[in-house]
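Let me begin by presenting the structure, written as structure tokens, before commenting on it.
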Amino acid sequence: MDIQPELVPAEFLAVVLCGFGNELSPLTSDHGEEPCVKALLPLAKTPIIDYPLSWLEQSGIRDVLLICPAIHRPAISHHIHSHSYTSLHIDIQSYEETAESGVGTCTLLRHFSSRILKDFVLLPCDFIPPASLPLAALLNKFRTDTVSDGLIATTCWFTASKPEKSATIDEWGHMASAVSIVWDKPTSTLLYVDTPDDLDRNADELELRVSLLSRYPRASLSSHLQDSHVYVCKRSVVEVLLEKNHFDSFREEFLPWLCKVQYQRTKRQRYEQVLNPLANTSQALALKHSTLLSRVKQQQVNHVPKSKSSATSAPQSPLASEFNLDSPPSLRVGIHLHRPDNGVAARVNNIHTFMEMNRYFLANANYSLPTDPKDRALIDQKAQISSDTVIGDSTKIDERTSIKKSVIGRHCTIGKMAKIVGCVLLDHCVVEDGARLDGCILGKSTKVGVKAELIRCVTQAGYEVNAGEIVKSEKLEVSDWTAGDVSGESENE
């Protein structure tokens, strides 16, 4: 009779947040009735959201709760169901919100708390992890630390790569700012996170409690790290959020508060039972999933003498000696630091990073033309296309056009003798004869007129550049273009 292997219940739920992407405006500004979805913006033809979803697949996590604005749900749902995520069960939930109103992460977690019934991984749709940072490594560290000393969450921070000076355009908005944090290296414990309120009170100095410095006298300080917004959390964290219902931002409000629980006595006494309930069954489940358990079992087998019965001679489990489960829980917040020399990590949450990551993937990709012969036939043989360029399907490129170091989306039309260098063109763009583009990002359905010239500009979807127009270092939005047309009509009248 065949013995079926024991089925281990799913341990983690992944909660993926897809927001409006206001810092990516005008690329994410609505185009008529069709929303421009941040999660579907391409990095070298691959939508942003595919990177964290693939990361989740590789980690072994199966259950995903994907939360997005209601207006974006149809587009995201179509993308998810038209791609093969065979090992993921993705539950798409939406919330009513506008780009102007804003809903914080804490508010969303409270709203969907009935669907978060186990330990969870919270991550944004825009985090691009390097191959050297497997999510499984963060999960295993979390598993071990929750069992060994009662850790309640693990965070991931990274050092952002510095962009080229020539690529930094002030008119595109601010670069993502680093956050001042304090952590303990030996225990990988996050101790303090600077908040906007702290900066308002004293932008030049950090105010740290004596209780923190007494407990961690060799704490480290950094003001050059960025938060990946990837958090591995015990389910009990949601219970605290339900009680602390005034928190809205997870990073700016709740995470700094959560760090203080581990060393501030009053907070610890108040929330210890909520964060570490006695009826905690997650430890056994964590050990079943952790690679540590297989090593422990092997150690037990190796140490049992063959001449004696296992019932009488089996040694005490290494877990009993390594993990003191009777000691008070630490309620720590852990930290994992990722350095740029181990691979580029980024959050694509502003225009600068969107352009930089497209350039990064182009530099590390092979020459990519459409594979379908019908699509290849749309590219004139006299067009000059460099090996570090990606061309989307159904895109037409006329003769004597030059394209270098660029990403050209699907269903675009590039006219004769156009010149495109270091650009990203989203789907359905039109670049007419003789136009020149240098270091630009064109929102979908942008039209550039004959012999127009754009240098380091970003356009909103549907924007039209007049023939012969020259524009440098600007964000071009449809409202500005429409206003210009209206004023022009009045002058003609």
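Just so you know, these numbers come straight off a predicted model, no measurement behind them.
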In chain order, what residues pass the side chain to side chain donor-acceptor pair (under 3.5 Å) check against Lys472, with sequence neighbours excluded? none
Polar side-chain atom of Gln264 near backbone of Lys260 as donor-acceptor pair, under 3.5 Å: no
Main-chain N/O of Ile470 paired to Glu453 side chain as donor or acceptor, under 3.5 Å: no
Just checking, any donor-acceptor pair under 3.5 angstrom between side chains of Ser132 and Asn342? no
Check Asp433 with Lys451, please: is the shortest side-chain N to carboxylate O separation under 4.0 Å? no
So, taking the atom named OG in Ser54 and the one named CG in Leu88, what distance separates them when rounded to the nearest 0.5 Å? 8.5 Å
Is any side-chain heavy atom of Thr395 closer than 4.5 Å to a side-chain heavy atom of Ile397? yes
Look only at the side chain of Ser386 and the backbone of Lys405, and say whether a donor-acceptor pair between them is shorter than 3.5 Å. yes
Run the salt-bridge test on Asp398 and Lys396 with the 4.0 Å N-O cut-off and return the result as yes or no. yes
Output, in order, the C-alpha distance, side-chain angles, deciding distance and verdict of ring-ring contact (aromatic ring centres under 6.0 Å, His included) for Trp55 and Phe127. CA-CA 10 Å; Trp55 200 42; Phe127 180 60; 5.5 Å; yes
State plainly whether the residues Lys38 and Asp126 are in salt-bridge range, i.e. N to O under 4.0 Å. yes
With ring-ring contact (aromatic ring centres under 6.0 Å, His included) as the test, would you mind laying out the steps for Tyr51 and Phe361 before giving the verdict? CA-CA 12 Å; Tyr51 292 92; Phe361 283 114; 5.2 Å; yes
From CA spacing to verdict: ring-ring contact (aromatic ring centres under 6.0 Å, His included), Phe120, Tyr231: CA-CA 8 Å; Phe120 62 98; Tyr231 312 112; 9.3 Å; no
The reported gap from SG in Cys233 to NZ in Lys118 (rounded to nearest 0.5 angstrom) is 15.0 Å
Using the rule given for side chain to side chain contact (heavy atoms under 4.5 Å, CB included), can you reason through Phe354 versus Leu43, listing the C-alpha separation, both sets of side-chain angles and the distance that settles it, and then say yes or no? CA-CA 8 Å; Phe354 178 74; Leu43 294 180; 3.9 Å; yes
Between Ser394 and Arg410, does a side chain to side chain donor-acceptor pair (under 3.5 Å) hold up when you go through it step by step? CA-CA 6 Å; Ser394 303; Arg410 299 172 300 168; over 6 Å; no
Ser59 (side chain) donor-acceptor with Leu56 (main chain) under 3.5 angstrom: yes
Charged N to carboxylate O under 4.0 angstrom, Arg456 versus Asp438? no
From CA spacing to verdict: side chain to side chain donor-acceptor pair (under 3.5 Å), Glu57, Ser87: CA-CA 7 Å; Glu57 271 195 313; Ser87 65; 3.3 Å; yes
Within a radius of less than 6.0 Å around NZ of Lys141, do more than 12 heavy atoms belonging to other residues, nucleotides or ligands occur? no
Look at the side chain of Ser236 and the backbone N and O of Leu275, then say whether any donor-acceptor pair between them is shorter than 3.5 Å. yes
With the threshold set at 4.0 Å, does a side-chain nitrogen-carboxylate oxygen contact exist between Asp227 and Arg347? no
Donor-acceptor contact below 3.5 Å, side chain Thr459 vs main chain Lys475: no
With side chains defined as the heavy atoms from C-beta onward, is the minimum distance between Leu41 and Leu24 less than 4.5 Å? yes
All side chain to side chain donor-acceptor pair (under 3.5 Å) counterparts of Arg235, not counting sequence neighbours: Glu239
Give a yes or no answer on whether the side chain of Ser82 reaches the backbone of His78 with a donor-acceptor pair at less than 3.5 Å. yes
Would you check if Leu66 and Cys68 make a side-chain contact, meaning some heavy-atom pair closer than 4.5 Å? yes
So, the side chain of Ser228 versus the backbone of Cys156: is there a donor-acceptor pair under 3.5 Å, distance only? yes
Examine distances only and state if a side-chain atom of Ser406 and a backbone atom of Ile408 form a donor-acceptor pair shorter than 3.5 Å. no
Nearest 0.5 Å, what's the OG1-CZ distance between Thr105 and Arg110? 10.5 Å
Rounded to the nearest 0.5 Å, the CZ atom of Phe250 sits from the CG atom of Leu241 at a distance of 6.5 Å
Between Trp257 and Tyr271, does the ring-ring contact (aromatic ring centres under 6.0 Å, His included) criterion hold? Intermediate values first, please. CA-CA 12 Å; Trp257 178 89; Tyr271 295 99; 5.0 Å; yes
Below 4.5 Å, heavy atoms only, C-beta onward: do Thr146 and Lys234 meet side chain to side chain? yes
Test item: side-chain donor near acceptor, Thr107 and His111, under 3.5 Å: no
Does any part of the side chain of Ile335, heavy atoms only, come nearer than 4.5 Å to the side chain of Asp184, both counted from C-beta? no
Taking atom types as modelled, is there a side-chain donor on Thr353 or Asn350 under 3.5 Å from an acceptor on the other? yes
Calculate, to the nearest 0.5 Å, the distance between atoms CD1 and CD1 belonging to Ile48 and Ile128 respectively. 6.0 Å
Would Glu356 and Asn358 satisfy side chain to side chain donor-acceptor pair (under 3.5 Å), going step by step from the backbone distance to the final call? CA-CA 5 Å; Glu356 286 301 316; Asn358 267 291; over 6 Å; no
Is the backbone of Leu442 close enough, under 3.5 Å, to the side chain of Thr446 for a donor and an acceptor to pair up by distance? no
